[in-house]
Amino acid sequence: MSERLPVFPWDRLEPYKTGAAAHADGIVDLSVGTPVDPVPAPIRRALADAADSPGYPTVWGTAALRDAIAGWCERRLGARGVQHANVLPVVGSKELVASLPGQLGLGPGDRVAFPRLAYPTYEVGARLARAEPVAYDDPLRVDPAGLRLLWLNSPSNPTGRVLDTGELRRVVAWAREHGVLVVSDECYLELGWEADPGSVLHPEVNGGSYDGVVAVHSLSKRSNLAGYRAAFLAGDAAVLGELLQIRKHGGMMVPAPVQAATIAALGDDAHVAEQRERYAARRRALRGALEGAGFRIEHSEASLYLWATRDEPCWETVGELSKRGILVAPGDFYGPAGDRFVRVALTATDERVAAAVRRLAG
């Protein structure tokens, strides 16, 4: 099975991490986008209050959880008429991305398309299912023959690019014409800086119907819940109903305390606004420091990263920055088209970001 997969990309970064860690003032790790700020107190309380949960949770989650997901989709995304059949909790979004083609029954002869610069797990999921991975520059130019699943990612990881309402609408219409399921990874939707990211669940995109469209959302970034593995799907009831049956057989259950924490997180917008402000301040500081050090920032109008280049091979940039004790992700982790960029995460403490700013100025 593993021979069908590429080398796990982060393993290749370990020597540079070791080098950066040798800096006299310690490493500033801006590579993996893992949250570093505290889990908000109301979410922790909800988790603790539900800790006495000796029985098995259900795969579909509690009615209260489904209400919370549906309500959030309507309040935050502008979706309309979201019913329980239109939502499904999942055990973290990465698990879902990696296993979705297989859960949909895709295999040899089927094709899975994803952006040419993309989160590598889209390709991994296709390969695990023995389907053909297809990287695209323009989704509307993908050959629809054998195409079963089309991934969108807006805001993009790694580039931070946002697809506007017109672009999303055209892709959904094209996919419906060709019988292709659109799954939109919207995990960074709450982190729009120079753009206001929209969802495929909005009626201006889908015409008021969820047929053929599914959105993926995660609480890892917006609520600092990466350690909780809290995520969900919303959209086409027929697709989600089939996934629910498959996931029941597989026992893919979100733990009951995490379900309770998810309800609390989706019901509180204040902590999201506070976290956005933290990231906004770090983004301003890092962007200014990178540009002052000769970097050019492309896209990056949303998401948790700066997509930066000095017009040199990405591993040269990684090496030079590691000498300053700064670790970033090489752009070719996200496809060959990123081989002259690095991805700089905003996920470091204010103190560590300030250290990176000083080192970039030195």
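If you read the sequence from its start, that first residue is 1, and numbering goes on from there. Being a predicted model, the structure only gives us computed values, none of them experimental. Just the heavy atoms: all of them, side chains too, but no hydrogens, waters or symmetry mates, feed the values below.
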### Task
Tell me whether the centres of the aromatic rings in Y16 and W315 are closer together than 6.0 Å.
yes

### Query
Out of curiosity, S184 OG to L233 CG, how far, rounded to the nearest 0.5 Å?
11.5 Å

### Message
Let me check something: do L150 and L96 share a hydrophobic cluster, defined by ILVMFWY side-chain heavy atoms less than 4.5 Å apart, either directly or through other members?
### Response
no

## Note on the structure
Between L147 and R111 the two heavy atoms that sit nearest each other are CD1-O, 3.5 Å

### Message
Tell me every residue that passes salt bridge (charged side-chain N to carboxylate O under 4.0 Å, His left out) with D332, counting only those two or more places apart in sequence or in another chain.
### Response
R12

### Query
Can D311 and R340 be counted as an ion pair, charged N to O under 4.0 angstrom?
no

### Task
Report the C-alpha distance between V205 and V171 in whole Å, list the side-chain angles of each, state the deciding distance to 0.1 Å, and finish with yes or no for side chain to side chain contact (heavy atoms under 4.5 Å, CB included).
CA-CA 9 Å; V205 172; V171 172; over 6 Å; no

### Stepwise side chain to side chain contact (heavy atoms under 4.5 Å, CB included) test for I326 and L30
CA-CA 7 Å; I326 300 171; L30 307 177; 4.0 Å; yes

### Message
Any non-hydrogen side-chain atom of L181 less than 4.5 Å from a side-chain atom of R148?
### Response
no

### Query
Quick one: are V59 and L244 in side-chain contact, heavy atoms under 4.5 Å?
yes

### Message
Could you go through H217 and L77, starting from their C-alpha distance and side-chain angles, then the distance that decides it, and tell me whether this counts as side chain to side chain contact (heavy atoms under 4.5 Å, CB included)?
### Response
CA-CA 11 Å; H217 283 271; L77 306 181; 3.6 Å; yes

### Query
What do the steps show when you test S99 against E95 for side-chain hydrogen bond (donor to acceptor under 3.5 Å, both in side chains), and what is the final call?
CA-CA 6 Å; S99 63; E95 170 268 318; 3.1 Å; yes

### Task
Check whether any side-chain heavy atom of V200 lies under 4.5 Å from a side-chain heavy atom of N206, and answer yes or no.
no

### Message
Would you say that V39 contacts Y228 through its side chain, given a criterion of any heavy-atom pair below 4.5 Å between the two side chains?
### Response
yes

### Approximate separation, where rounding is to 0.5 Å, of L240 CG and R247 CZ
10.5 Å

### Task
Search all heavy atoms of V142 against all heavy atoms of W174 and return the closest pair with its distance.
O-CZ2, 3.3 Å

#### Entry: Salt bridge present between R276 and E274 (N-O < 4.0 angstrom)
no

### Message
Distance check, rounded to the nearest 0.5 Å: I43 atom CD1 versus L219 atom CG?
### Response
7.0 Å

### Message
Looking only at side-chain N and O atoms, does Y334 offer a donor or acceptor that is under 3.5 Å from a partner on R343?
### Response
yes

### Task
Would you kindly confirm whether V214 and W60 end up in one hydrophobic cluster when ILVMFWY residues are joined by side chain heavy atoms under 4.5 Å apart?
yes

### Task
For this output row, return yes or no: ring centroids of Y188 and Y305 closer than 6.0 angstrom.
yes

### Query
Donor-acceptor pair, R352 side chain versus I27 backbone, under 3.5 Å?
yes

#### Entry: Side chains of F114 and V134 in contact at under 4.5 Å (non-hydrogen atoms)
no

### Spatial distance of atom CD (Q275) from atom CG (D37) [nearest 0.5 Å]
4.5 Å

### Message
Could you report the tightest heavy-atom contact between T58 and M253, atom names first, then the distance?
### Response
C-CG, 4.3 Å

#### Entry: Flag, side chain of R66 to backbone of V87, donor-acceptor distance under 3.5 Å
no

### N153 side-chain N/O to P155 backbone N/O, donor-acceptor pair under 3.5 Å
yes

### Query
Transitively linked via ILVMFWY side-chain contacts under 4.5 Å: L346 with F341?
yes

### Message
Tell me whether R170 is salt-bridged to E167, with the criterion being a basic N under 4.0 Å from an acidic carboxylate O.
### Response
no

### Task
State, yes or no, whether a side-chain contact exists between K323 and H23 at a heavy-atom distance under 4.5 Å.
no

### Task
Would you check if the side chain of D268 reaches a backbone N or O of A265 as a donor-acceptor pair within less than 3.5 Å?
no

## Note on the structure
Taking every heavy atom of G33 against every heavy atom of A345, the minimum-distance pair comes out as CA-CB, 4.1 Å

### Query
When you check the gap from the basic side-chain N to the acidic O, do D350 and R278 get nearer than 4.0 Å?
no

### Message
Return the CG to CE distance between L88 and M252, rounded to the nearest 0.5 Å.
### Response
10.5 Å

### Query
So V183 and L152, side chain to side chain contact (heavy atoms under 4.5 Å, CB included) or not? Walk me through it.
CA-CA 6 Å; V183 181; L152 298 178; over 6 Å; no

### Query
Does a donor on one side chain and an acceptor on the other come within less than 3.5 Å for S154 and E186?
no

### N/O donor-acceptor pair under 3.5 Å between E74 side chain and G81 backbone
yes

### Query
Rounded to the nearest 0.5 Å, how far does CZ of R75 lie from CH2 of W72?
8.5 Å

### Query
Any side-chain donor-acceptor pair under 3.5 Å between Y122 and D185?
yes

### Carboxylate-amine/guanidinium contact R359 E320, below 4.0 Å
no

### Check: S322 side chain, G325 main-chain N or O, donor-acceptor pair, under 3.5 Å
no

### Query
Cluster question for you: counting only ILVMFWY and a side-chain heavy-atom cut-off of under 4.5 Å, with indirect links fine, are V91 and F232 together?
yes

### Query
Do V216 and V82 share a hydrophobic cluster, counting only Ile, Leu, Val, Met, Phe, Trp and Tyr and linking them when any side-chain heavy atoms are less than 4.5 Å apart?
no

### Message
Under a 3.5 Å distance rule, please check whether S300 uses its side chain to pair with a backbone N or O of I297 as donor and acceptor.
### Response
no

### Task
Ignoring hydrogens and angles, state whether a donor on the side chain of R161 or H299 is under 3.5 Å from an acceptor on the partner side chain.
no

### Query
With distance as the sole criterion, is a donor-acceptor pair present between the side chains of E204 and T165 under 3.5 Å?
no

### Task
Check for a donor-acceptor pair, side chain of S209 on one end and backbone N or O of D211 on the other, with a separation under 3.5 Å.
yes

#### Entry: Residue pair L47 / V258: nearest heavy atoms and the distance that separates them
CD1-N, 3.9 Å

### Message
Contact between P197 and V162 at the side-chain level, heavy atoms closer than 4.5 Å - yes or no?
### Response
yes

### Query
Would you say the side-chain atoms of N157 pair up with the backbone N or O of Y119, donor to acceptor, closer than 3.5 Å?
no

### Query
Do R76 and D269 meet the salt-bridge criterion of a basic N to acidic O distance under 4.0 Å?
no

#### Entry: Check: Q259 and P89 side chains under 4.5 Å, non-hydrogen atoms
no

### Task
Locate the shortest heavy-atom distance separating V318 from A329; write the atom from each residue and the value.
CG2-C, 4.4 Å

### Query
Judged by atom type as modelled, is there a donor-acceptor pair below 3.5 Å linking the side chain of W151 to the main-chain atoms of E123?
no

### Query
For the ring pair W307 and F295, is the centre-to-centre distance below 6.0 Å?
no

